[in-house]
Structures are given as structure tokens and as C-alpha cells.
Amino acid sequence: MNVLDFARAFFGDGAHWHGYDGIPTRFAEHIGYCLEALAIAAAIGLPVGLLTGHTGRGGNALAFLATAGRALPSFGLLVLMFIWIGLGLLPVMIPLVVLAVPPILVTTYEAVRSVDPSPVDAARGMGMPETRVLFQVEVPVALPLILSGLRTAAVQIVSTATIAAYVSLGGLGRYIIDGLYQKDYEKVVGGATLVAGLALVTLAVFWAVSRLAVSPGVRRGGRG
Amino acid sequence: MNGFFDLPSDLGQSWLGLVGLHLREALLPVLAGLLVSLPVAQLCVRFRWIYPPVLGIATVLYAIPSLAFFVVLIDYFGQSETTVMIPLALYSLVVLVPAIVDGVRSVPPETLAAAQAMGFGAVRRYFQVQLPLAVPAIIAGLRVATVSSISLVSVGMLIGNQGALGNMLYAAQTYGRPALAVNAVLTIGVLGMLADAALVLLRFLLTPWMPRKGAGR
Amino acid sequence: MIRIDAVTKRYPDGTVAVDRLSLEIPDRAITVLVGPSGCGKTTTLRMINRMVEPTEGSILLDGQDIRQQPVNTLRRSMGYVIQNAGLFPHRTILDNIATVPRLLGRSRRQARDRAAELMERVGLDTALAKRYPYQLSGGQQQRVGVARALAADPPVLLMDEPFSAVDPVVRKQLQDELLRIQEELGKTIVFVTHDIDEAIKLGTRVAVLRTGGRLAQYAPPAELLSAPADAFVEDFLGADRGIRRLSFFPSADLELQTAPLVRADADAGTLAARATAVPYLLVTDPDGRPLGWSEPGRLTAGAVDREQLLDYGRPFVPGTDSLRAALDGAVLSPTGWAVAVDGEGRAVGVVSQQVIGEAIRAAHGRVAERAGEAAGR
């Protein structure tokens with residue numbers, strides 16, 4: 001049997017579509033974890049990134065923190081938090097947030113830093129208060145890049161949230177972990193396919209958001 | 001007994017031994033990924049139409065959880081280091097190809113025109129102009145690939161203790177010694193940061209032509 | 001009036017950008033700050049709207065220290081135009097221009113109406129209103145920049161090398177446009193440039209700064225050309241300042257000769273009568289527009305061969321053009337005579353290099369006389 005056969009068998013089995021271990025339930029759980037982690041990471045990464053990017057200070061400290069955050073192993077953190085805190089959502093959220101903050105933080109910082117200085121100078125020269133300079137000039141111009149940082153973080157969270165199953169939580173990782181222990185490769189492949197699918201959906205959502213939120217004056221030529 | 005760096009005997013390795021194993025399991029795939037990604041990236045630069053589909057496949061591959069990869073590969077390579085390293089090489093490839101393509105593409109057209117005007121052939125132009133100028137972008141990709149590879153090796157613990165330093169996580173749970181988990185997380189984190197710093201240093205050495213931070217105005 | 005009083009800008013690393021500079025910038029005129037890079041001209045400009053704070057000294061606007069009002073209130077009362085325009089890439093042209101009125105609390109509708117009005121004033125097609133900056137040429141973007149600076153009708157306009165990044169043809173158009181707008185609106189304009197020609201063309205007064213932020217000379221452009229304060233200013237003005245200075249002498253007083261003018265359809269008698277007056281005749285068409293020069297002997301009544309005529313160079317309009325244009329016309333003409341035309345391009349006379357030379361000497365004499373009177377007072 002090859003991977004495609006496993007996938008076909010998994011999705012063809014009606015039992016996988018119902019109940020607490022059914023695809024809809026696991027999908028909803030997975031999305032729930034991801035949204036929560038992304039929201040927390042954005043709540044930390046965006047303000048700090050915007051502020052440091054706007055003032056242009058703290059770039060080195062930021063780069064160090066981001067590297068440290070990236071270097072910490074998500075799976076190791078999960079196990080450690082599980083040992084320390086025990087069962088629950090918190091041991092899962094901590095590694096996911098640690099994983100997602102660096103790309104959001106660094107990209108937001110770089111995005112604001114790399115805004116063409118002349119509109120910003122013009123805005124100040126016209127007497128715009130600093131908050132308006134940030135939110136009405138820098139953020140709209142930096143938005144495509146800021147969104148790409150959030151997108152990277154979101155895709156990584158979607159893929160990594162599977163580790164929640166290791167500490168007895170749900171989500172799409174359930175199929176992969178259970179499949180591993182039950183030597184049921186159908187489940188593993190099915191779960192992996194669902195995760196990859198969700199990642200594609202995430203990309204599509206970000207594409208749509210950037211279509212709606214980014215000004216046509218900024219969008220041209222840029223990717224994403 | 002039970003010092004911070006003393007490990008249970010069933011791990012079969014000293015702490016330093018695990019560090020060596022971890023680095024090998026993490027870095028070999030990155031190297032393999034780099035070797036494969038250079039020609040792939042060059043193809044993508046040459047034939048522009050290949051790049052979007054390649055990028056699409058890369059995104060999907062990157063989104064597949066490492067554990068799922070490991071499990072499927074057990075069938076072919078058993079619970080071995082190879083099983084851990086193949087997905088890591090794939091992830092590296094997926095990170096490096098876009099980095100190199102963007103790097104090579106960002107070489108200013110006037111530079112290439114100048115090289116061509118001076119009589120550089122395609123091969124010479126690639127090795128003497130495009131590749132050196134793309135070094136910063138390639139290193140940036142290598143940094144992401146290396147750090148994530150070092151971090152992901154630990155997941156290999158789930159497939160029959162193939163996670164090098166990650167195996168300490170399992171021992172931490174079975175023996176109820178959280179210090180082992182702390183040790184694993186910190187060691188892996190520090191290894192990642194050191195590797196990152198080494199790559200930054202490498203870029204400094206390879207690109208003496210780049211303006212240094214703080215120099216000039 | 002803006003009064004810059006013994007202002008110094010010293011940066012923490014010890015560099016002095018502006019060194020005890022004092023300037024009085026008159027109302028409703030264009031004051032140009034010009035100098036080589038590193039002379040502190042941009043720093044000086046940016047101190048006027050407090051984008052840079054002086055280390056020492058003070059700046060007074062209508063007698064009041066600019067530090068006495070809130071910084072953003074001050075900035076909103078001064079238009080600010082920079083190189084590359086600095087337009088907001090995410091806003092339409094109309095919304096870019098409406099920025100300051102919106103900041104001042106005007107309604108969106110009012111601000112947009114005002115913006116549309118300004119687009120016309122600076123010579124922009126209102127069809128561009130919904131476009132984004134990237135869809136405009138460099139020259140158009142710069143016009144938007146000027147319109148945006150004028151939107152709240154500020155009494156003061158600060159312009160920092162606004163036309164440096166556009167090509168020479170467009171630059172000339174923008175300069176002419178600025179002079180036209182200034183004639184209509186009469187703003188107090190402070191204009192920074194590194195281009196001495198631009199300074200001389202636009203400036204009512206020109207301040208030449210030297211490296212290190214010290215004032216070398218502050219004078220009207222004609223005076224700058226006739227009496228540069230020192231070797232630095234003279235060198236900065238360039239080699240042909242004598243010629244350029246002629247731009248400030250009117251050509252209205254030139255004595256024109258009408259005898260050499262002859263219409264192409266003139267009869268033999270007229271031709272013979274004119275032939276004695278000058279070595280060359282200027283042949284015109286029946287409406288009086290010049291066609292070209294000819295030796296009298298080569299002309300046959302009723303059969304003028306236009307191909308045989310000599311080029312007449314570039315004509316000048318007495319009263320509108322300067323002595324520089326007249327001299328230029330004379331130099332370009334193969335006969336050494338400049339052709340004077342009226343507004344419709346009809347020849348009104350010709351003038352020789354010799355006469356222009358006398359006029360130049362007379363004009364110099366008048367300037368020296370006036371300078372003497374000023375000194376004696």
C-alpha cells in the first residue's frame with residue numbers, strides 16, 4: 001500500500017466522519033487551538049514589533065529574543081510544560097506561542113522599519129501626531145509584510161499544534177499519535193493530509209485578507 | 001549521582017555523546033538540503049514557470065507535521081536515524097529553495113549586464129557573480145533551516161528513541177526527573193543559537209563587500 | 001516674517017550642521033537656501049518647522065518664538081514639500097492632498113472639495129484624483145506634493161529640494177508653475193536647492209551657505225551675480241555669471257532699428273530704398289513674421305527665394321525678455337543682429353551686438369550708481 005491508498009482508505013471510512021473522534025470534531029478542536037495560539041502570539045508580537053519598528057530602537061534585543069524563541073524546541077517545551085503544569089491547554093499554548101511570536105515580532109519590526117522614510121517625514125512635517133504616523137502611514141504601507149509574518153506563524157502553528165495530542169488533548173494530531181501507537185498508518189496519513197489541507201486553507205484566508213485590507217496603492221508588484 | 005549532566009544509563013550515551021548525535025542528525029539533512037536546493041533553485045531561476053508550482057509543493061510539504069513523516073517512513077527505513085533525517089532534509093530544501101531563488105533574482109540586472117558585457121559565460125557568471133551576491137539570502141535561509149532542524153530532531157524520540165537530546169524528554173517522564181527535560185530544552189536551544197551565530201559569522205566572512213552595520217551614515 | 005537668530009545645530013557626535021546662522025526671511029517672497037552638500041541648508045529648513053531642534057539660538061515667526069506653540073499646530077500652519085514628494089502610497093491622490101485639512105478637523109467632503117480645487121491650481125488633471133501615487137509620473141507626483149502642502153492654505157511653504165529628482169524639462173515646467181502659483185497666492189516660501197541656477201531663477205533673495213553651516217552671502221540674485229561676496233560664492237556661481245546676470249537687465253530700453261525690415265512682397269523701389277540703410281535686410285512674410293536675412297543685392301522684387309535666406313537665430317521680445325535673451329539672439333544670428341518680435345511673433349525691429357553692448361554697460365552703470373547711493377545713505 002502506498003500513501004495515496006492510505007489516504008483513500010482513511011477518508012473512505014464512514015466511521016471517521018462522526019462522533020468525538022470524527023473529522024469535524026478534530027478539525028474544530030485543531031482550529032480552536034490554532035486561533036487561540038495565534039491570537040496570543042499576535043497580541044504579544046504585533047504591539048512590540050510596531051513599537052520597536054516605529055522608534056527603531058531595540059532591534060538587537062529583538063533579534064536575540066527571536067533567535068532564542070526559534071531555537072527552543074516546541075516538542076521539548078511541551079514535554080517540559082506537561083511535566084511541570086500537568087494536563088491542560090496551557091502546556092500546549094506555551095510552545096505554540098513561543099513558536100509563533102518570533103516570526104510575527106521580527107517581520108513586523110522589519111516591515112515598519114523598511115517603510116519608505118519620505119512619506120513618514122512628510123507626515124511628521126505636516127503635523128501628524130506620532131500615533132497617526134504609525135497607524136495611518138507606517139502600518140498601512142507595511143501591512144503586506146506584517147500579514148506575511150502572521151501567515152508564516154499561522155502555518156507553523158497549524159502544523160505544530162498536532163503535538164497537543166501527545167499530552168492527551170484533541171485536534172488533528174490525535175490521528176497521527178493514535179496511528180503511531182496503533183500502527184494504523186491510514187490514520188497517520190489521513191491526519192497529515194488534513195493538517196496540510198488546513199495549512200492551505202490558512203494561506204487562502206491570508207490571501208483573501210490581504211486582498212481586502214491592503215490598499216491597491218501598496219499592493220501592486222508585491223507578493224502575497 | 002543525578003547531577004544535571006548525568007543521564008540514565010538506558011539512553012546509552014553521555015550528554016556530550018547526545019550533543020554530537022543531535023548535531024549530526026540535524027546538520028546532515030541541512031547539508032543535503034543545501035546541495036539539492038542549489039540546482040533546483042537554479043532551474044527555478046532559469047525557467048520561471050517552474051517556480052510557482054515548486055513553491056506550492058514546498059508550502060504543502062512544509063505544513064505536514066514532522067511526526068507524520070516519521071511514521072510513514074518507518075515502513076521503509078525502520079525506526080532509524082535515516083527516518084528522522086529524510087523529513088528534516090525535505091524541510092531544509094523547502095526553506096532553502098525560495099531563499100536562494102529570491103537571492104539570485106535580487107542581483108541587480110545592471111550587475112548581470114555588466115558581467116555579460118565583460119564576457120562572462122553563463123557558468124562563470126553564476127559562480128562568480130550571482131552565487132556570491134546571493135550569499136546573504138542563502139545564509140538567511142540556512143539560519144531558519146538549521147535552527148528548525150536542530151529543534152525538530154527531538155520529535156524523533158517518539159519513534160523508538162531516535163531523537164538524540166530529545167530522548168532525554170522521554171527519560172524525564174519515565175524517571176520523573178524534570179531536570180532532564182530542562183536540560184534537553186536548554187541544550188537544544190543553546191545549540192540552535194550557537195549554530196545561528198556560526199552562520200552569521202560565516203556570512204560576515206563570506207561577504208566582506210557588504211556594508212557593516214554602523215559604518216557610514 | 002521668519003527670523004532666524006544666531007541659530008546653531010550641533011549633533012551629539014560633535015558635527016556642526018549649522019553655525020550661528022542669522023537670516024531674515026521676508027513675507028510673500030521666495031527665499032532660497034543654496035549651497036553644496038553638507039552646508040546645513042536642509043537642516044536650517046527643518047528647524048523652521050521643528051523637524052530639527054536648534055542647539056542654540058531661536059527662530060521667530062512674526063515676532064513669536066516658534067517654540068511657544070504646540071509643535072503639530074506649528075507644522076500644520078506650514079506647507080512642507082520634500083524631494084520625491086513623499087506621497088502616501090496607500091492613499092489616492094485626492095486623499096493625499098486632503099491630509100492636512102482632515103488633520104485640522106475639516107469634514108471628508110470639505111477636504112476633498114478643497115483637494116480637487118488644488119489639483120486644478122497646480123495644473124493636475126482632476127481625472128487623476130482616484131489614482132494612486134505609483135500610477136503618476138515623477139513630475140505629477142511632485143505637483144501633488146505641492147498641492148498637498150497648499151491644501152490648508154498655510155502662509156508659509158517649506159520646500160526641500162522639491163524638484164531635484166525630476167528630469168530637466170519637467171523641472172523647468174515645475175519651476176515656472178511655482179512662479180505662477182506664487183504670483184497668484186503670495187506665500188512666504190523657503191526653498192532649499194543645491195542648484196544655483198534654480199536658486200537664481202526662483203529666488204527673490206538667495207542665501208548661499210558654505211560647508212559647515214555658515215552663511216556666505218545673502219542677497220537678491222542680481223546682486224549675487226554682480227558682486228559675489230568672496231571666492232567661495234564666485235566659484236559656486238560658476239564661470240558665466242556675467243552672462244547670467246544679464247537676465248536681470250530689461251531689454252525694453254534697447255533702441256530698435258526698423259529700416260532693415262522688408263516684406264517679401266515689397267516692390268523694387270522699396271527694396272532699393274532700404275538697401276542703402278544696412279548691409280543686410282530682414283525679410284518678413286506679409287504678416288510681418290521674420291523669414292530670414294539677405295544681402296540687399298541678392299533680393300529681386302516679387303521673387304524672393306526663401307531657401308536663399310539666412311537663419312535669423314532666436315528672436316526676443318523687448319520688455320518681456322532680458323538683455324540676456326537679446327544678446328543670445330544677436331550671437332546666434334549670422335549677421336550679428338538680434339531680431340525683436342512682439343507677442344504675436346511679428347518683427348518689430350532689429351538690434352546690433354554693439355547696441356546691446358552699450359545697453360549692458362549702461363545697465364551696469366545704473367546698478368553701480370544705485371549701490372553708491374545705498375552706500376552713501
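On a predicted model such as this, the values are computed, not experimentally measured, just so you know. Letters go in sequence order (proteins before strands), and every chain restarts at 1.
- Between C:D160 and C:R46 no salt bridge is recorded (no basic side-chain N to carboxylate O distance below 4.0 Å).
- Cation-pi check for C:R148 over C:F88 is met; the charged atom lies under 6.0 angstrom from the ring centroid and within 45 degrees of its normal.
- With chain C as the partner, the residue from A:G125, A:A122, A:P140, A:S118 showing the most heavy-atom pairs under 4.5 Å is A:G125.
- Taking the side chain as every heavy atom from C-beta outward, C:L202 and C:Q175 approach each other to under 4.5 Å.
- In terms of non-hydrogen atom pairs under 4.5 Å with chain A, the most contact-rich of C:N49, C:L103, C:T92 is C:L103.
- Annotation: maximal heavy-atom pairing with chain A below 4.5 Å, among C:R131, C:M78, C:R75, occurs at C:R75.
- Using a 4.5 Å heavy-atom cutoff, the side chains of A:P119 and C:P89 are in contact.
- The contact between C:L87 and chain A is made entirely by backbone atoms, counting heavy-atom distances below 4.5 Å.
- Residue-environment remark: CZ (C:R28) stays at or below the threshold of 12 foreign heavy atoms within 6.0 Å.
- Using a 4.5 Å cut-off between heavy atoms, C:T99 contacts chain A through its side chain alone, with no backbone atom that close.
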